[in-house]
Undergrad: 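Have a look at this one.
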Amino acid sequence: MAVTRRQFMKVSAASLAASSVGALGFVGAGDVLAAGVRPFKLERATETRNACPYCAVACGVLIYSLGDKSKNAKSSIIHVEGDPDHPVNRGTLCARGAASLGYIHSANRLKYPMHRKPGSDKFERVSWDFALDRIVKLMKEDRDKNFIAKNRDGVTVNRWLSTGFFGGSSLSNEAGYLTYKFVRATGILGFEDQARI
Amino acid sequence: MTVFAKRAERLVALAPGHELEGFLKMIAALVAAQHAAIAGLPPGMLPGRAAGAPLDPVTLKRDETWRVALARILERIDVAALPEPAQQARAALAAMSAGDLEVLADRFLSGDVKPGQAAEMVFVAAALQVAWTRMAALLDAAQLDPDDAGECPACGSPPVAGMIAPGGTKFGHRHLHCSLCATSWRYVRTRCVHCGSTDKISFRQFAGTSYLRAECCQACQGYSKVFYVESARTLEPLADDLASLGLDVLVGEEGFSRVANPFVLGVMAEPDGNN
Ligand code: SF4
Ligand SMILES: [Zn+2]
Ligand SMILES: [Zn+2]
């Protein structure tokens, strides 16, 4: 549209008085209105789009959070529902997805890598660096020990059957492609990418 | 029942005890006159199939239908609901030449209302709404292309407010409502109706309430209202927009601007832009 027909207005007691409201004869109405809303507090809320992480359907969800109006205040998630604009689920969620609010606030929710040392009976929080280094080391050890380059008949197979891999249901096509490339290159056959859709 | 009859009924219900009681009652009288004016109004110039919005006032050559509607509104409005300045505006319009009226219509339709004309312009806006609503009612909805735009697919005007539908197959969808021709169209939620951004959207609501939110966009500093019909079934977008101007006062204090309601005119502000 070449011509913009949006007449913007910042509403206030003064602008209402100067507008048609005042011009039609309701001069003090803006002041009365502004005084009337003064006791009310404004609440800041957000609706954030995301995908349900529970299965490969990857339903769209809207995550509602509520916080006060200051930009840095931490807001809390109060509600999760199906995204009506999402082409996959059109606002619906199955029982698992509909229960995600409980999962988000669960005391048992895993929020960072945890490690149980050999011989220990409890998990302890560790850094991502530690966790990734440890995973890499264990994968390498396991692969070196169990990798099958050729089968009984001497045919090259390059299999690694003693380790499996899970992808994420809400990965994009591109991330799914890269995951597949990486996992197959190592020889892993036990691979679930949750990416059938 | 016309959209105007429903709107007038809602305004009458909202007015008692409201801070803007007198104003809401006057607009109720105006909208009731719109309802009376639209009965038997000639359909006006209907374009053939056009690309884009077929009733865009920028490209559509308007005929005198809207002036017929204006004359009827001025004649039938309940004068008892009009304060002195409103009565003067009514008299001034009744005496105005067709040419001068067309100038006012151009001004309103291009979003260029001067403060000195604000009172007259409310009647002009009401008459143009009647003419455009009459034409829009004759369009084939299947021929309109909403194209996920923040402008009305029938006439290209900005929306007056959005409504989130309850129940049924359209559960949870947002529909925007045209400020000129009363057409409604679907628009993705949590997306700025002015600039299309989905990035920095947040909502403002009165603490503890959930039937109305201002959808604020940090990208363009604009906002628009979203009503949740689930919480208040009798909502009417234009009427409830006027009755909730109190929220606009608080949202305005945070620096956000909105598109003017067609009956709250004459004060222009540029949205603050990139910051
Ligand atoms: S809501 Fe249910 S079906 Fe949809 S992604 Fe989540 S678990 Fe899968
Ligand atoms: Zn329209
Ligand atoms: Zn915006």
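By convention in this document, chain letters (A, B, ...) are assigned in the order of the sequence lines, proteins followed by strands, and residues within each chain are numbered from 1.
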Undergrad: Would you mind telling me which of B/Arg174, B/His173, B/Arg191 makes a side-chain contact (heavy atoms from CB on, under 4.5 Å) with A/Asp85?
TA: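 It is B/His173, the one option of B/Arg174, B/His173, B/Arg191 that forms the side-chain contact (heavy atoms from CB on, under 4.5 Å) with A/Asp85.
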Undergrad: Salt bridge between A/Arg38 and B/Glu253, side-chain N to carboxylate O under 4.0 Å?
TA: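 Yes, this pair counts.
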Undergrad: If you define the side chain from C-beta out and look only at heavy atoms, does anything of A/Val11 sit under 4.5 Å from B/Val251?
TA: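 They are not in contact (no side-chain heavy atoms under 4.5 Å apart), so the answer is no.
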Undergrad: For B/Leu245, is it the side chain, the backbone, both, or neither that has a heavy atom closer than 4.5 Å to a heavy atom of chain A?
TA: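 Looking at B/Leu245, backbone and side chain both touch chain A.
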Undergrad: Based on non-hydrogen pairs under 4.5 Å, which of B/Gly252, B/Ala119, B/Ala89 is most in contact with chain A?
TA: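 Among B/Gly252, B/Ala119, B/Ala89, the one with the most close pairs to chain A is B/Ala119.
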Undergrad: Check the surroundings of atom OH in A/Tyr180: do more than 12 heavy atoms from other residues, nucleotides or ligands lie under 6.0 Å from it?
TA: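 Not buried by this count: 12 neighbours or fewer within 6.0 Å.
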Undergrad: Are any of the side-chain heavy atoms of A/Phe8 and B/His194 separated by less than 4.5 Å?
TA: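 They are in contact (side-chain heavy atoms under 4.5 Å apart), so the answer is yes.
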Undergrad: So which bits of residues 24-35 of chain A come within less than 4.5 Å of chain B, counting non-hydrogen atoms only?
TA: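 Residues A/Leu24, A/Gly25, A/Phe26, A/Ala29, A/Val32, A/Leu33, A/Ala34 are the ones that qualify, each having a heavy atom under 4.5 Å from chain B.
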Undergrad: Is the shortest side-chain heavy-atom distance between A/Arg49 and B/Val188 below 4.5 Å?
TA: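 When only atoms from C-beta onward are counted, B/Val188 and A/Arg49 do touch, with a gap below 4.5 Å.
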Undergrad: Sort B/Leu250 into side chain, backbone, both or neither according to what part of it lies under 4.5 angstrom from a heavy atom of chain A.
TA: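 Both backbone and side chain.
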Undergrad: Given that the side chain runs from C-beta out, which part of B/Pro262 has a heavy atom under 4.5 Å from chain A: side chain, backbone, both or neither?
TA: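 The answer is neither part of B/Pro262.
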Undergrad: With a 4.5 angstrom heavy-atom cut-off, which part of B/Arg186 approaches chain A: side chain, backbone, both or neither?
TA: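 Side chain only.
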Undergrad: Can you tell me which of B/Ala118, B/Ala207, B/Ser202 forms the most heavy-atom pairs within a distance under 4.5 Å of chain A?
TA: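 Most heavy-atom pairs within the cutoff with chain A belong to B/Ala207.
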Undergrad: Checking heavy atoms, do the side chain of B/Val264, its backbone, both or neither come under 4.5 Å from chain A?
TA: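 For B/Val264, heavy atoms of backbone and side chain both lie under 4.5 Å from chain A.
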Undergrad: Among B/Met121, B/Gln88, B/Arg189, B/Glu120, single out the residue with the greatest number of heavy-atom pairs under 4.5 Å to chain A.
TA: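 That would be B/Arg189.
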Undergrad: Kindly compute the distance separating CZ (B/Arg258) from NZ (A/Lys10), expressed to the nearest 0.5 Å.
TA: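 Rounded to the nearest 0.5 Å, the CZ-NZ separation comes to 14.0 Å.
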Undergrad: Sequence neighbours excluded, which residues qualify as side-chain contact (heavy atoms from CB on, under 4.5 Å) partners of A/Arg116?
TA: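 Once residues adjacent in sequence are excluded, the partners of A/Arg116 under the side-chain contact (heavy atoms from CB on, under 4.5 Å) criterion are A/Ser120, A/Phe123.
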Undergrad: Report, by ascending residue number, the residues of residues 136-143 of chain A in heavy-atom contact with chain B at a distance under 4.5 Å; give 'none' if the set is empty.
TA: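 No residue falls under the 4.5 Å cut-off.
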Undergrad: Does B/Phe206 have more than 12 heavy atoms from other residues, nucleotides or ligands lying within 6.0 Å of its CZ?
TA: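 More than 12 within 6.0 Å, yes.
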Undergrad: In terms of heavy-atom pairs under 4.5 Å with chain B, which of A/Gly91, A/Gly36, A/Ser20 leads?
TA: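 Of the options given, most contacts go to A/Ser20.
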Undergrad: At their closest point, which heavy atom of A/Pro84 faces which heavy atom of B/Gly172, and how far apart are they?
TA: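 Smallest interatomic distance, heavy atoms only, reads CG-O, 3.2 Å.
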Undergrad: Should the heavy atoms of other residues, nucleotides or ligands under 6.0 Å from CZ of A/Phe130 be counted, would the total exceed 12?
TA: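 Yes, the 6.0 Å shell around CZ holds more than 12 heavy atoms from other groups.
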Undergrad: Between B/Arg213 and A/Glu43, does any side-chain N to carboxylate O distance fall below 4.0 Å?
TA: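 Here B/Arg213 does not pair with A/Glu43 in a salt bridge, since their nearest N and O are not under 4.0 Å apart.
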Undergrad: Can you name the residues that form a ring-ring contact (aromatic ring centres under 6.0 Å, His included) with B/Phe263, not counting sequence neighbours?
TA: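 By the ring-ring contact (aromatic ring centres under 6.0 Å, His included) rule, B/Phe263 matches no residue at all.
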Undergrad: Only pairs of heavy atoms separated by less than 4.5 Å count here; which of B/Pro85, B/Gly266, B/Ala86 has the most with chain A?
TA: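 Most heavy-atom pairs within the cutoff with chain A belong to B/Pro85.
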Undergrad: Measure B/Glu84 against the heavy atoms of chain A and call it side chain, backbone, both or neither at under 4.5 Å.
TA: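 The answer is neither part of B/Glu84.
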Undergrad: Would you compute the distance between atom CG of A/Leu16 and atom CG of B/Leu20 and round it to the nearest 0.5 angstrom?
TA: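 Reported value, rounded in 0.5 Å steps: 7.0 Å.
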Undergrad: State, yes or no, whether a side-chain contact exists between B/Asn261 and A/Met9 at a heavy-atom distance under 4.5 Å.
TA: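 No, too far: nothing below the 4.5 Å cut-off.
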